[in-house]
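First comes the structure, then the notes that go with it.
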Amino acid sequence: MPLKDKTAEGGPSVSPQEALDFHASGRPGKLEISPTKPMATQRDLSLAYSPGVAVPVKAIAEDPSRAFDYTTRGNMVAVISNGTAILGLGNLGALASKPVMEGKAVLFKRFADVDSIDLEVDTQDVEEFINCVRFLGPSFGGINLEDIRAPDCFIIEQRLREMMDIPVFHDDQHGTAIIAAAGLINALEITGRDMKTATLVCNGAGSAGIACVELVKSMGFSPQNVILCDTKGVVYQGRKEGMNQWKSAHAIKTDKRTLADAMDGADIVFGLSAKGAFSNAMIQSMAKNPIIFAMANPDPEITPEEVAEIRTDAIMATGRSDYPNQVNNVLGFPYIFRGALDVRATTINDEMKVAAAQALAALAREDVPDDVAAAYQGNRPKFGPNYIIPVPFDPRLISAIPAAVARAAMDTGVARRPILDIEKYKQELSARRDPIASTLQRIYDRVRRQPKRVVFAEGEEEQVMRAAVSYVSQKLGTAILIGRDDVIKENARNAGVDLNRPGIEIINARLSRRNAVYADHLYERMQRKGYLFRDCQRLINNDRNHFAACMLALGDADAVVTGVTRNYSTALEDIRRVIDAKPGHRVIGVSIALCRGRTVIVADTAVHDMPGSLEIADIAEEAAGFARRMGYEPRVAMLAYSTFGHPAGERSARVQEAVQILDKRRVDFEYDGEMAADVALNPRLMRQYPFCRLSGPANVLVMPAFHSASISTKMLQELGGSTVIGPLLVGLNKPVQIVPLNAKDSDIVNMAAIAAYSAGA
């Protein structure tokens, strides 16, 4: 029997052998358990287990809610199945469901940083299953039920929700319903329909179909306008054959008896059934601008190609990733549980589901960042008939969906730990997926309190325009785009970027009323360096870096960001013709490396090729100052291949001399050297040198040369899985940041925020 994808989690096709090799390679399976506390010493073991563990045991016995504080319960979800409805394969048993449940647990962690463990319950008896799960409740903060046949799944979920004080969520039902509802909200908007009057047919009365019908009704659809169909036709009042209590709840008074009858004139059809269920005639009979969600997998009820041959006015969604508008459950369940866990919700109610659907719909209407465009192989989607649902790798999902769910939980009284500051919570959510977000949070917060005018020098580039829009949308200040007005507006129109909003300015260098002033300023600086006035005028007219730098130098802006179209050294040369170093400072490049919860600042990663002892001392001082401005108390290690004189060498001698220079300067931060990188970062190795001046592992690393700085940071990225921000320019008299060539819009916004932050320092 061929493998089939789940209704809402389809993806690219793979060969059976490739799938088996993937699951068998390395450690078999997809999960492992890693400790979150050190287990290196006898004291660690004493704290983790006996006798130290007795203290939280007593605390929890006195107050059960403390389990959320002292154990993993608050971030732990159980993925539970009995294997009675695995994917599209049917009842293959509990053990056979384990690869799917492991996969679900991996998705929880990957997308929302929710720890999860799979549990396969080897019984098909509903009462036995319920009793097994209910007694496991104290172990978890939530229960995700999966791959359980209907109608057992309805009984199990309902009973467990009544018995347990934690969220119980059958994803096969509600996950599909929530994502489909999100797409439906946007499809209704595009076609100009009102859900109070729109008519919807749902073909498929299993777990997902019933859940879809229930959710759209809770959103505002009239029950009389929603027709449920199964293999025997319309579910109508008075029907006896093939009925159960869940179908009966959605039976309506109608004379329609077949799926074809129901679809005649319908505005919307949901397919949760089987390939070929929708005929050409059925699609042709639907109302103008029909909304067709054919969600059977791997083969939908009707394909987009087949619909396109019948009519050109349809909006389509499927469960497959190779078509637009994929109804994919991974857009929902990780983030819904994230929000529910974070407020310690007792349940996931309809209001929370609707909030998730609305947040997803709103996200699809926003401008699409580069990270999302990359998922489309560079074809940037725009809100419209072919983009009504976000894609799974959209980095904004982690902050948008959980926050909406958490707010709904609080509003409906099911939250046991309310979140007081939702905006701060969103920032914390972003930090779970993106370590940069955590480091930049302080910067963004301060810039919002003191907004700045930032010049985006390469204003005609698409990613720069998107960065400018994002900068303004995040309330960081005013974005000034430098470029030709007509080109910027045309490029923005072609890219679907809306620049017609307060806070965005466009300046054409040639037409600027400040053009002559800037040319005079540049000529005054460059006239004794071989430049004629006409040379300077040409640079102001034609080179946006020079124009932007003059804006900054003469107080017409607060900061500049550039670099998208030129290499780093060229952009720096342009800027340095206009902007000097701060008096008494040295211009350097620093990078921030984030790896396994540690933040280390590395210098110099951009400017000095082979610094001498004086330059190394200056670099150390600049880097320490930068660390303080970023909120870290600097512990500076001046690195070499040797440690405190062994082995000896010329390059190590330069570092030793730099330490002596800092001694004479009597600087107010910890520093020492020369030392190897492992000694600087490993407290155990550092203790072998009791005379070392550092009180702990270094958080500022001064490299002996640019090449070692560049090599080490890139190796950290590629081999160590680190996130590296930078290089950031430090030491200029005015705040300028240079992004890497062809940087993404998100990188440009981060650099703009850092530049704006420096403007207020």
Side-chain angles (χ1 to χ4, degrees), residues 7-8 176-206 208-217 219-236 247 250-252 254 256-297 299-320 323-327 357 385-386 388-389:
T7 296
T176 302
I178 290 166
I179 313 310
L184 180 58
I185 291 169
N186 284 335
L188 290 170
E189 178 176 322
I190 292 169
T191 58
R193 290 185 170 96
D194 187 334
M195 64 177 63
K196 293 179 181 178
T197 57
T199 56
L200 183 149
V201 176
C202 180
N203 187 48
I210 295 288
C212 284
V213 168
E214 289 177 345
L215 188 59
V216 298
K217 287 180 180 179
M219 289 168 53
F221 271 77
S222 169
Q224 193 59 32
N225 289 340
V226 178
I227 299 178
L228 179 65
C229 297
D230 61 12
T231 56
K232 301 186 184 331
V234 172
V235 175
Y236 59 90
K247 293 182 187 179
H250 302 289
I252 65 169
T254 179
K256 297 182 177 183
R257 292 295 181 264
T258 67
L259 177 61
D261 294 340
M263 288 179 64
D264 188 8
D267 297 311
I268 308 149
V269 64
F270 278 9
L272 296 137
S273 49
K275 176 183 178 181
F278 299 159
S279 69
N280 291 5
M282 292 176 186
I283 299 299
Q284 186 65 53
S285 73
M286 293 183 70
K288 183 180 179 182
N289 300 319
I291 299 168
I292 304 165
F293 284 18
M295 295 176 279
N297 250 330
D299 299 308
E301 286 82 357
I302 191 167
T303 67
E305 295 92 340
E306 290 168 334
V307 170
E309 292 179 1
I310 306 165
R311 53 195 309 169
T312 59
D313 60 343
I315 293 179
M316 276 210 71
T318 70
R320 285 175 47 158
Y323 291 127
N325 301 325
Q326 185 192 15
V327 179
N386 289 324
I388 58 174
I389 304 171

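FYI, side chains are in, hydrogens and waters are out, and symmetry mates aren't considered; it's all heavy atoms of this structure.
Between L184 and F221, some side-chain heavy-atom pair lies under the 4.5 Å cut-off. Side chains of N186 and I389 form no contact here, defined as non-hydrogen atoms less than 4.5 Å apart. When side chains are defined from C-beta on, I252 does not count as touching L228, because their heavy atoms never get closer than 4.5 Å. Residues F278 and V201 fail the side-chain proximity criterion, which asks for heavy atoms closer than 4.5 Å. At a threshold of 4.5 Å between non-hydrogen side-chain atoms, the residues Y236 and K256 do not count as touching. Residues C202 and L272 meet the side-chain proximity criterion, which asks for heavy atoms closer than 4.5 Å. In this structure, the side chains of D261 and V234 stay at 4.5 Å or more apart for every pair of heavy atoms. The closest side-chain heavy-atom distance from V269 to M282 is not below 4.5 Å.
If you take CE on M295 and CG on N325, they are separated by 11.5 Å, rounding to the nearest 0.5 Å. Note that the OG atom of S222 and the CE atom of M195 stand 12.5 Å from one another [nearest 0.5 Å]. The CG atom of D264 lies 11.0 Å from the CG atom of L259; values are rounded to the nearest 0.5 Å. Taken to the nearest 0.5 Å, the OG1 atom of T176 stands 10.5 Å off from the CZ atom of F270. Going from atom OG1 of T191 over to atom CD1 of I291 covers 4.0 Å, rounded to the nearest 0.5 Å.
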Do any side-chain atoms of residues 302-313 form donor-acceptor pairs under 3.5 angstrom with protein atoms, and if so which ones, sequence neighbours left out?
{"unit_1": "T303", "atom_1": "OG1", "unit_2": "E305", "atom_2": "OE1", "d": "3.4"}
{"unit_1": "T303", "atom_1": "OG1", "unit_2": "E306", "atom_2": "N", "d": "3.1"}
{"unit_1": "T303", "atom_1": "OG1", "unit_2": "E306", "atom_2": "OE1", "d": "3.3"}
{"unit_1": "E305", "atom_1": "OE1", "unit_2": "Y323", "atom_2": "OH", "d": "2.9"}
{"unit_1": "E305", "atom_1": "OE2", "unit_2": "Y323", "atom_2": "OH", "d": "3.3"}
{"unit_1": "E306", "atom_1": "OE1", "unit_2": "T303", "atom_2": "N", "d": "2.9"}
{"unit_1": "R311", "atom_1": "NE", "unit_2": "D313", "atom_2": "OD1", "d": "2.8"}
{"unit_1": "R311", "atom_1": "NH1", "unit_2": "I283", "atom_2": "O", "d": "2.9"}
{"unit_1": "R311", "atom_1": "NH1", "unit_2": "Q284", "atom_2": "O", "d": "3.4"}
{"unit_1": "R311", "atom_1": "NH1", "unit_2": "M286", "atom_2": "O", "d": "3.1"}
{"unit_1": "R311", "atom_1": "NH2", "unit_2": "A287", "atom_2": "O", "d": "3.0"}
{"unit_1": "R311", "atom_1": "NH2", "unit_2": "D313", "atom_2": "OD2", "d": "3.2"}
{"unit_1": "D313", "atom_1": "OD2", "unit_2": "N289", "atom_2": "N", "d": "2.8"}

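Smallest separation of non-hydrogen atoms from L215 and A181: CD2-CB, 3.8 Å. What you find for A187 and I388 is that their closest heavy atoms are CB-CD1, 4.3 Å. Of all heavy-atom pairs between K217 and P223, the closest is CE-CA, 3.8 Å. Summarising the geometry of I210 relative to A205, their closest heavy-atom pair is CG1-O, 3.6 Å, with the distance given to 0.1 Å. Nearest heavy atoms, A262 versus C229: CB-SG, 4.1 Å.
Judged by distance alone, the side chains of T199 and N225 never bring a donor and an acceptor atom under 3.5 Å apart.
Within the structure, side-chain hydrogen bond (donor to acceptor under 3.5 Å, both in side chains) contacts touching residues 268-282 (residues at least two apart or in different chains) are N203-S273, S273-E301.
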Decide yes or no on side chain to side chain contact (heavy atoms under 4.5 Å, CB included) for I268 and L188, but give the supporting numbers first.
CA-CA 9 Å; I268 308 149; L188 290 170; 4.0 Å; yes
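Side-chain N or O atoms of T318 include none that pairs as donor or acceptor with a backbone N or O of A294 at under 3.5 Å.
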